[in-house]
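Structure first, then comments.
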Number of protein chains: 2
Amino acid sequence: MNSENATIYDIAADAGVSIATVSRVLRSEPNVSSATREKVMQAIERRNYRPSSIARGLTSKITHSLGIILPKLLNPHYAMIFTGAQEEARKLGYTMSLFPWSSLDTDAYNPAAMLAERRLDGLIVCVEYLPPDHDELVHASLLALRRYMPVVLIGCVPPWYDFPAVSNDNAAMMRQVVAYLNGMGHEKIAFIGGVQEDKDPSRRDVGYEEGLRDAQLPYIASYRVYGKGTAEAGKAALDEMLKGLKREYWPTAVIALNDLVAMGCLEAAREHGLDVPRQLSVIGCDDLFCAPYLSPALTSINTHQQQTGARAVQLLLSGERRRETVAWDLMERASCAPVNTETEE
Amino acid sequence: MNSENATIYDIAADAGVSIATVSRVLRSEPNVSSATREKVMQAIERRNYRPSSIARGLTSKITHSLGIILPKLLNPHYAMIFTGAQEEARKLGYTMSLFPWSSLDTDAYNPAAMLAERRLDGLIVCVEYLPPDHDELVHASLLALRRYMPVVLIGCVPPWYDFPAVSNDNAAMMRQVVAYLNGMGHEKIAFIGGVQEDKDPSRRDVGYEEGLRDAQLPYIASYRVYGKGTAEAGKAALDEMLKGLKREYWPTAVIALNDLVAMGCLEAAREHGLDVPRQLSVIGCDDLFCAPYLSPALTSINTHQQQTGARAVQLLLSGERRRETVAWDLMERASCAPVNTETEE
DNA sequence: GGGTATAATGATAGCGCTTACATCATGCTT
DNA sequence: AAGCATGATGTAAGCGCTATCATTATACCC
């Protein structure tokens with residue numbers, strides 16, 4: 001195991017050439033005679049030689065390795081982003097390492113030190129919804145990271161950040177969702193968001209408001225609550241909303257920030273004896289792999305996270321400094337239905 | 001962005017010492033006077049200097065980076081393993097990179113070349129259930145990888161492989177599951193496995209057989225089918241089983257290889273108009289995050305995958321060459337219930 | 001106080017590559 | 001046949017560290 005590997009000197013000696021020549025064939029430079037190239041290739045083959053990316057990196061300053069920062073892979077949303085990014089990186093000959101970190105808790109473990117020592121060729125940072133007062137803090141962290149390597153952002157990025165980024169047009173997405181539900185006759189449409197609001201126009205909660213306006217529906221504050229974006233939080237949020245309203249005011253549709261929250265909503269609806277979708281339509285976002293297997297199967301938005309991850313890698317490596325938007329698809333399933341016009345109960 | 005970083009020479013010059021001394025304080029060697037150490041620390045602070053792990057790796061042969069090979073992160077089972085491994089690695093000062101590869105398709109993209117160039121300090125390989133004729137192939141691939149770095153395996157490892165490994169005692173686990181169901185009165189217990197059987201005694205399907213024997217139940221071949229371990233496959237497998245049997249012979253309980261398969265089973269049961277758990281108990285394995293949110297909530301086995309990942313890292317870095325087993329917990333939820341003794345229909 | 005163990009520091013040789021730059025055959029030009 | 005691009009190879013200087021010596025300063029002993 002781990003027997004000391006051959007070096008470029010060994011190959012040069014074996015092939016009877018200088019290390020510069022070996023290096024040339026390794027990097028497939030043009031000016032090498034085919035006879036020499038052949039000799040070298042054979043020596044490489046014979047010793048099963050692989051150039052050390054470490055040594056290469058020291059000299060050439062490029063390490064062919066990227067990093068990605070995200071809160072947690074256990075959330076399939078991030079697993080999709082990671083997968084998309086990782087696959088794209090691999091295709092381009094890059095390795096991808098994970099540095100878990102949530103932009104929500106800026107005080108916790110900070111990967112900056114570890115990142116600074118690794119000489120990565122680039123870094124992708126998944127930014128979570130930020131409470132208003134976190135904007136500055138997170139921005140400072142990002143600037144610090146950028147001192148060491150190029151950075152591309154993914155997610156809900158405050159508009160004033162001067163970073164290349166890939167995201168969905170969340171507001172437009174939510175406007176479409178509201179229109180979709182309204183098209184089925186829903187007028188009492190609730191929204192269960194993530195952390196508390198701020199004024200970022202790219203946010204989903206803002207899109208929800210705009211959607212109501214487009215549909216000429218009143219904005220009812222009680223229909224809009226916030227949670228932590230988890231299933232438990234989603235369940236608690238809907239539960240509280242229902243408990244706080246007389247039955248006649250209960251919403252007929254609820255839009256969840258993401259599928260985890262939607263799962264919690266389904267659970268809460270079940271506990272309140274609400275039939276989904278007959279009495280309550282539920283729509284999620286992210287289209288997690290389990291969405292079709294919930295009951296009822298969850299209508300959701302496929303946000304093409306893998307593509308988002310892949311694009312981020314492309315931006316990173318191309319050096320283009322711009323913001324991009326990825327399309328989405330409404331996945332119609334059983335959890336949303338036209339509003340029930342028969343008398344309830 | 002990416003302004004050329006300070007080097008050890010810059011720090012040495014700033015602090016008025018030699019690079020050897022700077023290196024000493026970096027590695028917190030004892031023989032440095034506190035005055036000198038202080039000077040150096042200040043220079044480091046002032047220039048915001050971080051030693052290059054690349055250069056370090058070249059000299060010291062240790063790169064503080066590990067790799068992990070697994071089929072796909074989109075399967076939460078692997079996301080859990082990765083997370084456990086990654087977190088443990090981070091705690092120990094190591095970075096973790098992902099190399100996707102399934103031991104099932106040995107012919108597809110092979111990460112060996114990329115791995116050989118990276119001078120990783122170790123590699124974790126998640127081995128999937130192997131069809132009999134794959135044993136040798138995969139073993140050869142693993143030996144090839146071990147030429148470059150230490151390897152620790154996770155998962156269902158053929159007993160004759162001479163590699164350190166971490167896994168569950170799958171057979172014992174399945175024996176317990178059969179006993180659990182039998183204890184609720186079930187006698188017609190089906191099993192939906194992964195790839196076709198072989199004789200590996202650590203496998204879940206073998207444990208299923210043993211469990212039946214322990215309970216003095218007959219082994220009925222029609223109750224045991226195989227799929228690909230996905231939700232779709234699970235659904236198709238149960239569907240076919242039911243279609244192939246007269247209703248009176250339908251199993252009253254089904255054990256799924258994992259939660260994905262179990263999700264498929266729930267779906268199939270729904271389509272066949274079977275009430276779970278009144279007419280059919282379903283039990284999964286892995287305890288995915290969505291298990292409690294399925295309906296009915298899925299009874300499953302928590303196999304502590306994160307812990308498995310963490311242990312693998314510990315074995316890797318400690319150099320211990322042995323096999324380990326991780327405990328599991330039965331998570332009782334609503335999808336399993338005592339067998340229904342009333343007349344059906 | 002001369003001699004010796006010990007702590008503190010410096011000089012320097014790699015680690016395994018890439019990359020100017022130098023060298024040396026070739027073949028073509030005129 | 002002298003002159004010169006051009007192609008093919010070699011030489012050697014780093015890249016930013018670690019690690020082994022060698023060297024010097026400090027302390028301690030009889």
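Lettering of chains follows the sequences in order, A, B, ..., and the numbering in each one begins at 1.
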[X] side chain N/O closer than 4.0 Å to the phosphate oxygens (OP1, OP2) of [N]?
X	N	answer
S23(A)	dT18(C)	yes
T36(A)	dT9(D)	yes
S60(B)	dT18(D)	no
K61(B)	dG16(C)	yes
R56(A)	dC15(D)	no

For [X] and [N], what is the distance between atoms [atom1] and [atom2] respectively, to the nearest whole Å?
X	N	atom1	atom2	value
N31(B)	dT26(D)	CG	P	15 Å
L58(A)	dG14(C)	CG	P	17 Å
L26(A)	dT18(C)	CG	C1'	11 Å
E29(B)	dC21(D)	CD	C1'	13 Å
I8(B)	dC15(C)	CD1	C1'	15 Å
I19(A)	dT19(C)	CD1	P	13 Å
R47(B)	dG16(D)	CZ	P	12 Å

Inset, instruction - Could you check whether the rings of H139(A) and Y161(A) sit parallel, tilted or perpendicular, using 30° and 60° as the cut-offs? - result: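 Geometry flag for Y161(A) against H139(A): tilted rings.
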
Inset, instruction - Would you mind reporting whether F82(B) and I68(B) have side-chain heavy atoms less than 4.5 Å apart? - result: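 The answer is yes; the side chains approach within 4.5 Å.
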
Inset, instruction - Taking T63(B) for its side chain and R119(B) for its backbone only, find out whether a donor-acceptor pair lies under 3.5 Å. - result: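 Yes, the answer is positive, given that a donor and an acceptor are paired below the 3.5 Å cut-off.
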
Legend entry - Proximity to the side chain of T21(B) - top-ranked nucleotide from dC17(D), dT9(C), dC17(C):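 Between dC17(D), dT9(C), dC17(C), the one nearest the side chain of T21(B) would be dT9(C).
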
Inset, instruction - Output the single nucleotide from dT9(C), dA19(D), dT9(D) whose closest atom is nearest the side chain of R27(B). - result: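 Closest of the options to the side chain of R27(B): dA19(D).
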
Inset, instruction - Assign I54(A) to base, sugar-phosphate, or nothing according to its heavy-atom contacts below 4.0 angstrom with the strands shown. - result: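 Nothing, no heavy atom under 4.0 Å.
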
Legend entry - For L153(B) against L142(B), the heavy-atom pair lying closest together: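 Shortest heavy-atom contact: CD2-CD1, 3.9 Å.
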
Inset, instruction - Scan V25(B), V22(B), V32(B) and name whichever one has a side chain to side chain contact (heavy atoms under 4.5 Å, CB included) with V17(B). - result: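 Between V17(B) and the candidates, side chain to side chain contact (heavy atoms under 4.5 Å, CB included) is satisfied uniquely by V22(B).
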
Inset, instruction - Classify the side chain of R24(A) and the base of dG10(D) as holding, or not holding, a donor-acceptor pair under 3.5 Å. - result: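 Counting by modelled atom types and ignoring angles, a donor-acceptor contact under 3.5 Å is found here.
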
Inset, instruction - Please evaluate the base of dG7(D) for a donor-acceptor partner in the side chain of S33(A) within a cut-off of under 3.5 Å? - result: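 Not at all, since no donor on one side and acceptor on the other fall under 3.5 Å apart.
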
Legend entry - S18(A) vs Y9(A), nearer the 5' end of DNA chain D by closest nucleotide: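 Mapping each residue to its closest nucleotide by heavy atoms, the 5'-most match is S18(A).
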
